[in-house]
2 protein chains.
Amino acid sequence: MNTQLIDLNEDLPVQPCSHEYQASCNNCRLSSICLPFALEASEIDQLDNIVQRSKPLQKGQHLYRESDDFQSVFAVRSGTMKAYRTTDDGREQVTGFYFPGEILGMDGISNNSHASSAKALETAAVCEIPFTSLEKLSASMPHLQRHFFQLMSREIAEDQQLITLLSKSSADERVAALLLSISTRNARRKLSPTNFRLSMSRVDIGNYLGLTVETVSRVFSRMQKLGVLRVENKEIEILDTDALMKMADAH
Amino acid sequence: MNTQLIDLNEDLPVQPCSHEYQASCNNCRLSSICLPFALEASEIDQLDNIVQRSKPLQKGQHLYRESDDFQSVFAVRSGTMKAYRTTDDGREQVTGFYFPGEILGMDGISNNSHASSAKALETAAVCEIPFTSLEKLSASMPHLQRHFFQLMSREIAEDQQLITLLSKSSADERVAALLLSISTRNARRKLSPTNFRLSMSRVDIGNYLGLTVETVSRVFSRMQKLGVLRVENKEIEILDTDALMKMADAH
DNA sequence: AGGGAATGTTGACTTGAGTCAATAAGGGGA
DNA sequence: TCCCCTTATTGACTCAAGTCAACATTCCCT
């Protein structure tokens with residue numbers, strides 16, 4: 001078992017909210033892919049009233065920890081969050097990476113306590129959505145209720161995809177699939193699908209994909225040699241998307 | 001890639017409902033662990049009105065298939081269901097086994113089409129819960145809305161546990177964890193936690209756990225030799241639960 | 001009850017990813 | 001800016017689980 005090194009950033013206080021981080025959901029550029037999706041302007045205003053925007057996080061800082069009381073779900077506004085759980089014997093499993101516009105914390109609803117921990121991989125801003133308020137609002141706003149059911153369902157479907165990946169795929173396939181997932185999610189946010197910076201370390205990638213760091217590193221090198229990627233540290237350029245897609249499911 | 005053998009049972013017609021399979025949720029012995037959980041009698045009646053009980057399935061018959069239109073979620077009343085998805089290159093991944101009192105089909109909500117297929121592992125009866133009705137009812141019944149959110153959340157948390165299992169654990173650990181999961185779920189239904197019949201084949205177990213049949217078989221033999229289990233075909237007796245629990249997370 | 005297909009078991013061998021180890025390259029703090 | 005600690009890369013070797021193959025058993029179907 002690996003002993004966890006002390007994380008100096010963990011217990012930094014949450015920054016005071018010295019200025020407005022975002023006036024409202026209405027003028028947030030992420031609204032089309034985030035919770036407000038499919039809501040009308042007046043409905044967005046109501047949602048807006050329950051959303052709290054006072055949580056900028058430093059790199060390495062936790063948003064919540066496993067077994068903390070569950071109060072809220074969170075939407076990422078900027079930066080990247082990683083969710084992970086710790087097994088009984090102390091090993092970590094990264095269960096997901098969350099980019100702007102994506103919702104995390106839904107796994108805490110069932111038990112009223114968070115089933116995983118969430119940590120900022122870089123400076124990150126999140127919107128906090130208190131769950132009891134969201135429930136009340138959902139009861140009166142069919143679109144919102146529907147959308148939240150859909151978000152949870154999507155999380156299930158995505159987890160199942162990861163299950164398939166972990167169960168059936170080679171190291172190459174796994175890494176290719178992750179890169180394509182990031183690429184697609186970037187596209188949704190109007191960012192380049194081919195050039196991006198990995199906010200997570202090789203360790204995190206390996207942990208998420210069920211591989212060791214060494215294997216991840218070797219796969220990157222191999223793909224670079226094949227001309228599929230250009231890897232320079234955390235900067236990734238996908239040179240041949242088709243080839244990458246083939247690698248992602250060619251067994 | 002394995003070619004799928006033709007499944008002779010697949011297209012049998014749904015049996016006509018010649019008698020009442022279950023008068024109502026109110027007198028269903030599973031109500032305490034199923035959807036009605038935490039509802040009051042009058043609320044259960046309302047839920048009861050939208051539940052349809054006309055779906056007994058033969059072994060091997062499908063309840064729904066991947067990419068079918070999503071209309072309903074289903075509660076298992078008797079028998080066992082298996083959910084699985086087919087990857088682009090034709091491989092199968094079993095994503096879950098569902099026992100009486102458990103809900104399946106929630107992964108279809110996000111897309112309005114089922115993200116997986118569901119098949120009966122033995123003769124099985126299910127309750128169909130039309131989702132639009134459930135949504136409407138949820139809006140007026142906070143307990144129901146809450147409980148359904150919790151069910152979805154639990155599915156997420158359980159998938160994450162499987163992810164951890166697939167990502168980090170040895171063959172022994174995986175098999176031990178599955179057996180313990182079945183044992184716990186049996187206990188919830190007042191069945192023996194130590195003696196039960198596996199309704200799924202070794203192939204399904206292997207597929208679910210990301211192992212080959214041969215490996216599953218070898219693990220069973222090994223555990224039997226160690227005196228942890230008695231395995232006789234599909235009949236399992238857990239002889240030493242503590243040892244099994246140690247095997248489930250001892251790395 | 002009998003026969004044949006499907007399912008399960010066991011053994012021998014192979015292999016992809018893990019482990020261990022050495023080295024290189026970054027990057028944040030004083 | 002330099003230094004040190006963290007992160008990443010590469011190589012050599014090992015091993016757990018996969019593959020291939022033979023055989024045993026079970027479960028349907030007639």
Side-chain angles (χ1 to χ4, degrees), chain A residues 1-9 12 58-60 82 91 121-123 165-176 197-225 229-236 247 250-251, chain B residues 1-10 12 58-60 82 91 121-123 165-176 197-225 229 231-236 247 250-251:
Chain A
M1 168 191 154
N2 290 326
T3 50
Q4 284 296 307
L5 295 169
I6 294 156
D7 181 339
L8 295 172
N9 287 316
L12 288 182
Q58 301 299 308
K59 177 175 177 175
K82 114 178 163 186
R91 287 170 288 169
L121 290 178
E122 55 195 328
T123 308
L165 200 68
L166 292 174
S167 177
K168 296 279 178 306
S169 307
S170 67
D172 287 358
E173 292 174 273
R174 296 182 199 191
V175 173
R197 182 183 169 75
L198 294 173
S199 43
M200 65 294 285
S201 69
R202 301 288 194 268
V203 178
D204 285 334
I205 293 175
N207 193 318
Y208 177 68
L209 296 175
L211 302 170
T212 57
V213 208
E214 293 95 327
T215 300
V216 174
S217 187
R218 280 188 252 266
V219 172
F220 277 139
S221 302
R222 205 177 307 148
M223 286 180 170
Q224 171 139 324
K225 204 162 290 170
L229 296 181
R230 202 178 52 74
V231 183
E232 196 179 326
N233 224 341
K234 305 211 155 192
E235 295 295 334
I236 298 285
M247 297 184 79
H251 202 46
Chain B
M1 167 193 154
N2 290 326
T3 51
Q4 284 296 304
L5 295 169
I6 294 156
D7 182 338
L8 294 173
N9 288 315
E10 300 202 292
L12 289 183
Q58 301 298 309
K59 177 175 177 177
K82 118 179 160 184
R91 286 170 290 170
L121 289 178
E122 55 195 328
T123 308
L165 200 67
L166 291 173
S167 176
K168 297 280 179 306
S169 307
S170 67
D172 287 358
E173 292 175 273
R174 295 183 200 191
V175 173
R197 181 183 168 74
L198 294 173
S199 44
M200 65 294 286
S201 69
R202 302 288 195 267
V203 178
D204 285 336
I205 293 175
N207 192 317
Y208 177 67
L209 296 175
L211 302 170
T212 58
V213 208
E214 292 96 325
T215 301
V216 173
S217 187
R218 280 187 251 265
V219 172
F220 277 139
S221 303
R222 204 178 307 149
M223 286 180 172
Q224 170 139 316
K225 204 162 288 169
L229 295 182
V231 183
E232 196 180 327
N233 223 342
K234 304 211 156 188
E235 294 297 334
I236 298 284
M247 296 184 81
H251 203 49

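Within every chain, numbering begins at 1; the chains are lettered A, B, ... in the order of the sequence lines, protein sequences first and strands thereafter. Remember, it's a predicted structure, so these values are computed and weren't measured experimentally.
- The interatomic distance linking A:Arg91 (CZ) with C:dT19 (C1') rounds to 15 Å, in whole Å.
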For nucleotides 1-3 of chain C, give me every protein contact, N/O to N/O, under 3.5 Å, one pair per line with atom names.
none

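- What separates CG of B:Leu198 from P of D:dC27 is a distance of 13 Å, to the nearest Å.
- B:Lys59 has a side-chain polar atom (N or O) that falls below the 4.0 Å cut-off from OP1 or OP2 of D:dC28.
- Between the P atom of D:dA8 and the CG atom of A:Leu211 lies a distance of 14 Å, rounded to the nearest Å.
- The NZ atom of B:Lys234 sits 17 Å away from the P atom of D:dT25 (whole-angstrom rounding).
- Across the protein-nucleic acid pair, A:Leu166 atom CG and C:dA17 atom P stand 13 Å apart, rounded to whole Å.
- Side-chain contact between B:Leu166 and B:Arg174 is present, with heavy atoms from C-beta onward closer than 4.5 Å.
- Atom CZ of residue A:Arg197 and atom CG of residue A:Asn233 lie 7.0 Å apart, to the nearest 0.5 angstrom.
- The CG atom of A:Asp172 sits 5.0 Å away from atom CE of A:Met223, with the distance rounded to the nearest 0.5 Å.
- Judged as a side-chain hydrogen bond (donor to acceptor under 3.5 Å, both in side chains), and not counting sequence neighbours, B:Ser169 has no contacts.
- Salt bridge B:Lys59/B:Glu122: absent, no basic N to carboxylate O contact under 4.0 Å.
- Nearest heavy atom pair, residue A:Ser199 against residue A:Leu121, reads O-CB, 3.8 Å.
- Rounded to whole Å, the distance from CG on B:Asp172 to P on D:dC15 is 17 Å.
- The interatomic distance linking B:Leu165 (CG) with D:dA17 (P) rounds to 12 Å, in whole Å.
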Represent DNA chain C in dot-bracket notation, 5' to 3'. Only Watson-Crick or G-U wobble pairs with both distances under 3.5 Å count; pseudoknot-style crossings use [ ] and interstrand partners use |. ||||||||||||||||||||||||||||||

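- Checked by atom type, the side-chain pair A:Glu214/A:Ser217 shows no donor-acceptor distance below 3.5 Å.
- Atom CD of B:Gln58 and atom P of D:dC28 are 12 Å apart (whole Å).
- Exactly one of B:Leu209, B:Val216, B:Thr215 qualifies for a side chain to side chain contact (heavy atoms under 4.5 Å, CB included) with B:Thr212. That residue is B:Thr215.
- Put simply, the side chain of B:Phe220 reaches to within 4.5 Å of the side chain of B:Arg202, judged on heavy atoms.
- Under a 3.5 Å cut-off, the side chain of A:Arg230 and the backbone N or O of A:Gln224 do not form any donor-acceptor pair.
- In this model, the phosphate group of D:dC27 is approached by a side-chain N or O of B:Asn233 to a distance below 4.0 Å at OP1 or OP2.
- At a threshold of 4.5 Å between non-hydrogen side-chain atoms, the residues B:Met247 and B:Val175 do not count as touching.
- Without hydrogens or angle criteria, B:Gln58 side chain to B:Thr123 main chain gives no donor-acceptor distance under 3.5 Å.
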If you apply the rule side-chain hydrogen bond (donor to acceptor under 3.5 Å, both in side chains), what do you find for A:Ser170 with A:Glu173, and how did you get there? CA-CA 5 Å; A:Ser170 67; A:Glu173 292 174 273; 3.1 Å; yes

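- Remark: A:Ser201 engages A:Val203, A:Asp204, A:Lys234 in a side-chain contact (heavy atoms from CB on, under 4.5 Å) (not counting sequence neighbours).
- Using a 4.0 Å cut-off on heavy atoms, none of the residues of residues 200-209 of chain B approach DNA chain D.
- Proximity of residues 212-225 of chain A to DNA chain C (heavy atom under 4.0 angstrom from any strand atom) is restricted to A:Thr212, A:Glu214, A:Thr215, A:Arg218.
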